[in-house]
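Okay, structure first, notes after.
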Amino acid sequence: MRFSNILAASFAALASAQAPGHTTNFTTIAANSTFDFGQHYAVLNLDMINALVGYVNGSNAGQSWINSTARWINAVHQQTPAPLSIYTRIYFTTKQRPEIGPSTPFAAVAAGLGNVTASSVETQIYPAFKHGNANDVVLQKTRYYAGAGNGLEEILSSQQIDTVILSGIRTSGVIAATAYRLFDLNYNVYVIADNVIETPPSGDLVNEGVLTAISKLPANVITLDQAIAALGRSGPAIY
């Protein structure tokens, strides 16, 4: 191989390692399957806040993820009745961050967010992801798992939800933690591959690795097109 080719390949590998990881054709269910979500399902849109989306929105992969996720949210809101949609935001009760001590493992993870509170711009849901419908719920969280320190499990149980459909950022963070926890709590778990993304470095490698691990729970990893088709076959939503 010529030196110029080796150099080009090295730059391509470096660029790939520094790009977000996003997969658009990962599924564990046959393309011709006619599965649905039933009637007792909830849509979980996790950690789609300005601060985190800001890590990926300048890339092609990030824009693809944003467009896919926004398309899904819009399709969900068009259902009659619209199913329960739950959004999570990461922020702290006060600027002293009482939910995490300085020596806790998650303190290092949250350091990039600073002392954000409910009113901080960084913690608001990214504008492309519409919310505020009567059936939308927004929960605070301060750990990876979507139900850490809030009423998620109480809401799902009280509304007799048996199936959850996950979208969000990061695949190796909130998506993995929530998929495993809700699987353990006997929920049917679906993850929309097009609607999850992994931040750099090694984004693609980590993203596909985590999706593969989730599929071995076993949980269901599906494409956006499969999700929208299943949405049309589901319901009417009951909760």
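Each residue takes its place number in the sequence, starting with 1.
- A donor-acceptor pair is defined here as one N or O able to donate and one able to accept, closer than 3.5 Å; no such pair exists between the side chain of Asn135 and the backbone of Pro83.
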Discussion item. Working note: Val196 + His22, criterion side chain to side chain contact (heavy atoms under 4.5 Å, CB included); need CA distance, chi angles, decisive distance, verdict.
Written reply: CA-CA 7 Å; Val196 300; His22 182 240; over 6 Å; no
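- To the nearest 0.5 Å, the span separating CD1 on Ile125 from NE2 on His131 amounts to 4.0 Å.
- Looking at Asp136 and Lys130, no side-chain N of the basic residue comes within less than 4.0 Å of a carboxylate O on the acidic one, giving no salt bridge.
- By the salt bridge (Lys or Arg N to Asp or Glu O under 4.0 Å) test, Asp36 is found to be paired with no residue, residues two or more places apart in sequence or in another chain being considered.
- Using modelled atom types, one side-chain atom of Thr27 and one backbone atom of Ile29 make a donor-acceptor pair closer than 3.5 Å.
- Put simply, CZ on Phe26 and OG on Ser215 are 5.0 Å apart, with the number rounded to the nearest 0.5 Å.
- Within the 6.0 Å centre-distance limit, the rings of Phe129 and Trp65 are counted as a close aromatic pair.
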Considering only distance and modelled atom types, tabulate donor-acceptor pairs under 3.5 Å from the side chains of residues 38-46, sequence neighbours left out.
from, atom 1, to, atom 2, distance (Å)
Gln39, NE2, Pro236, O, 3.2
His40, ND1, Gln160, O, 3.3

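- Using a distance-only test at 3.5 Å, with no hydrogens or angles considered, a donor-acceptor pair links the side chain of Thr178 to the main chain of Val174.
- Remark: side-chain polar atoms of Gln124 are not paired, donor with acceptor, to backbone N or O of Ile49 under 3.5 angstrom.
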Take Asn220 and Val189 through the test side chain to side chain contact (heavy atoms under 4.5 Å, CB included) and record every step on the way to the result.
CA-CA 6 Å; Asn220 304 288; Val189 177; over 6 Å; no
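- A donor-acceptor pair under 3.5 Å is absent between the side-chain atoms of His77 and the main chain of Ala82, judged by distance alone.
- Val109 and Val116 fall within the same hydrophobic cluster, defined by Ile, Leu, Val, Met, Phe, Trp and Tyr side-chain heavy atoms under 4.5 Å apart, directly or through other members.
- Separation of atoms CD (Glu208) and OG (Ser202) is listed at 12.5 Å; rounding is to 0.5 Å.
- The backbone N or O of Thr123 sits nowhere less than 3.5 Å from a side-chain atom of Ser120 that would complete a donor-acceptor pair.
- By the 4.0 Å N-to-carboxylate-O rule, Glu153 lies close enough to Arg181 to be salt-bridged with it.
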*Ile192 and Val221: CA distance, side-chain angles, deciding distance, side chain to side chain contact (heavy atoms under 4.5 Å, CB included) verdict*: CA-CA 6 Å; Ile192 305 176; Val221 180; over 6 Å; no
What donor-acceptor contacts under 3.5 angstrom involve side-chain atoms of residues 163-172, with partners at least two apart or in another chain?
from, atom 1, to, atom 2, distance (Å)
Thr163, OG1, Asn188, ND2, 3.2
Ser167, OG, Asn195, ND2, 3.2
Arg170, NH1, Ser172, OG, 3.0
Arg170, NH1, Glu198, OE2, 3.2
Arg170, NH2, Tyr144, OH, 2.8
Thr171, OG1, Ile197, N, 3.3
Thr171, OG1, Ile197, O, 3.2
Thr171, OG1, Asn207, OD1, 2.5
Ser172, OG, Glu198, OE1, 3.0
Ser172, OG, Glu198, OE2, 2.9

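- The shortest distance between side-chain heavy atoms of Asn115 and Phe92 does not fall below 4.5 Å.
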